[in-house]
Amino acid sequence: MSAIRVLIVEDEDPLRMALNDALAAEGYLVEEAADGDIGCRLALENTPDVILLDLMLPGRDGYSILKEVRQARINVPIIILSARGEEWDRIQGFEFGADDYLVKPFSTKELLLRMRVALRRNGGDDSSDDVSAGKQIIGDVEVDFGGYCLVKDGQQVGLSRKEMDLLKFFLGRPGITLSRAEILDHVWGNDEFPTNRTIDTHVLKLRKKLERCPDNPKILITVHGVGYKLAPQ
Ligand code: CA
């Protein structure tokens, strides 16, 4: 397989150059843009495999690039890199079609991990055979997204559409604490009227299916007063 092409749209020179070096060292082919207009053009014309996108940029901002790329139906994973960590920004980013969100400063290791996850979800990674077939190992169960089920101890257990959506949302953001508001927003959207209790109920159901010991969860972890997170796999 040919090298994975990454577009970095970031106006902070030291960060952009450091990312370029780190990614090139990992074998990625890197393109850079230091302003929003160039970044948007490269995103649309050069069809990179993954885009790292700053939000505050000279020229057009990251949100507008994100919107334009999604309107053009370009299905490339986009990871937002931003100094702004407020929940509203993250929700806004996800609403506009971002795949992930990293708050500066972040470690290169974490970025590489998130990129691999985003690429795998998008089917653009060599090691994605299982996922493109709709299967993924979580803990010691195998989830079959195509078959709406998982296999635990050799037993097939059915998954509802919502349980699968919820699980996919967590899988795209391993190790990140997700508030109930974010989960509601992304998994339920505007078409239903769930409450925080709806989420808790679904998480409990998922734990019963996924966890070795649902009362002492190791996969879907409660973050008290906030929400939940998926333990990194
Ligand atoms: Ca910036």
Side-chain angles (χ1 to χ4, degrees), residues 1-128 131-132 169 171-176 182 185-186:
M1 172 163 170
S2 55
I4 293 170
R5 294 173 313 125
V6 186
L7 171 62
I8 306 171
V9 187
E10 167 63 68
D11 62 319
E12 282 170 50
D13 293 339
L15 176 58
R16 194 182 60 254
M17 289 188 273
L19 287 174
N20 192 338
D21 289 347
L23 293 173
E26 292 288 318
Y28 292 97
L29 272 181
V30 184
E31 268 193 311
E32 301 181 1
D35 83 66
D37 296 309
I38 296 171
C40 193
R41 186 168 55 74
L42 293 177
L44 294 171
E45 290 175 5
N46 290 9
T47 58
D49 297 306
V50 56
I51 300 175
L52 307 179
L53 183 63
D54 185 23
L55 288 178
M56 303 293 282
L57 292 161
R60 56 195 304 177
D61 69 20
Y63 289 128
S64 107
I65 298 174
L66 190 54
K67 274 202 276 191
E68 182 147 347
V69 169
R70 291 308 183 220
Q71 271 162 12
R73 304 238 170 264
I74 297 175
N75 181 30
V76 56
I78 298 178
I79 300 174
I80 290 178
L81 312 176
S82 178
R84 302 197 285 180
E86 290 87 5
E87 183 172 275
W88 187 87
D89 285 310
R90 296 176 56 191
I91 289 175
Q92 180 94 332
F94 288 131
E95 266 172 9
F96 288 161
D99 292 82
D100 208 344
Y101 193 110
L102 274 170
V103 177
K104 298 172 193 170
F106 49 83
S107 74
T108 310
K109 208 172 153 189
E110 179 165 20
L111 172 69
L112 290 167
L113 177 76
R114 303 281 192 92
M115 278 176 53
R116 278 197 290 273
V117 170
L119 283 161
R120 211 160 49 215
R121 286 172 72 221
N122 212 45
D125 188 334
D126 268 1
S127 55
S128 67
V131 178
S132 54
F169 186 61
L171 281 169
R173 295 151 185 85
I176 302 174
E182 280 173 282
D185 221 62
H186 289 276

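These numbers come from a predicted model, not from an experiment.
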message: Would Asp54 and Arg16 count as a side chain to side chain contact (heavy atoms under 4.5 Å, CB included) here? Give the steps.
response: CA-CA 10 Å; Asp54 185 23; Arg16 194 182 60 254; over 6 Å; no
The single option from Ile65, Leu53, Asp35 passing side chain to side chain contact (heavy atoms under 4.5 Å, CB included) against Cys40: Ile65
message: As an exercise, state the distance from CD1 of Ile79 to CZ of Phe106, rounded to the nearest 0.5 Å.
response: 9.0 Å
message: Quick check: closest heavy atoms across Leu42 and Ala33, and the distance to 0.1 Å?
response: CD1-CB, 4.1 Å
task: Check side-chain hydrogen bond (donor to acceptor under 3.5 Å, both in side chains) between Thr47 and all other residues, then give those that pass, not counting sequence neighbours.
output: none
Separation of Arg60 CZ from Ile38 CD1 (nearest 0.5 Å): 12.5 Å
- prompt: Could you walk me through whether Met115 and Leu23 pass the side chain to side chain contact (heavy atoms under 4.5 Å, CB included) check?
  reply: CA-CA 10 Å; Met115 278 176 53; Leu23 293 173; 3.7 Å; yes
query: Mind checking whether Asp49 and Leu29 have side chains closer than 4.5 Å, heavy atoms only?
result: no
Contacts of type side-chain contact (heavy atoms from CB on, under 4.5 Å), residue Asp21, not counting sequence neighbours: none
- prompt: Who passes side-chain contact (heavy atoms from CB on, under 4.5 Å) against Ala72, sequence neighbours left out?
  reply: Leu44, Ile74
- request: Using a 4.5 Å cut-off on heavy atoms from C-beta on, say whether the side chain of Val9 contacts that of Leu57.
  value: yes
- request: Any side chain to side chain donor-acceptor pair (under 3.5 Å) involving residues 3-12? Give me the pairs, sequence neighbours left out, ordered by first then second residue.
  value: Glu10-Lys104, Glu12-Lys104
- prompt: Would you call Arg70 and Ile78 a side-chain contact if the rule is heavy atoms closer than 4.5 Å?
  reply: yes
Beyond-backbone contact of Val117 with Asp100, side-chain heavy atoms, under 4.5 angstrom: no
- request: Identify the two heavy atoms, one from Ala43 and one from Pro48, that lie closest to each other, and give their separation to 0.1 Å.
  value: O-CD, 3.7 Å
field: Partner set under ring pair (Phe, Tyr, Trp, His ring centres under 6.0 Å) for Phe169, not counting sequence neighbours
entry: His186
- request: Measure the spacing between CD1 of Ile4 and CZ of Arg116 and express it to the nearest 0.5 Å.
  value: 9.5 Å
- request: Just do the side chain to side chain contact (heavy atoms under 4.5 Å, CB included) check on Leu111 and Leu81 with the steps written out, would you?
  value: CA-CA 9 Å; Leu111 172 69; Leu81 312 176; 4.2 Å; yes
message: To check you understand the geometry: which heavy-atom pair defines the closest contact between Ala98 and Ile80, and what is its length?
response: CB-CD1, 3.6 Å
query: Does Thr108 have any side-chain contact (heavy atoms from CB on, under 4.5 Å) partners at least two apart in sequence or in another chain, and if so, which?
result: Ala22, Leu112
field: Test item: Leu119 and Arg114 side chains (from C-beta on) under 4.5 Å apart, heavy atoms
entry: no
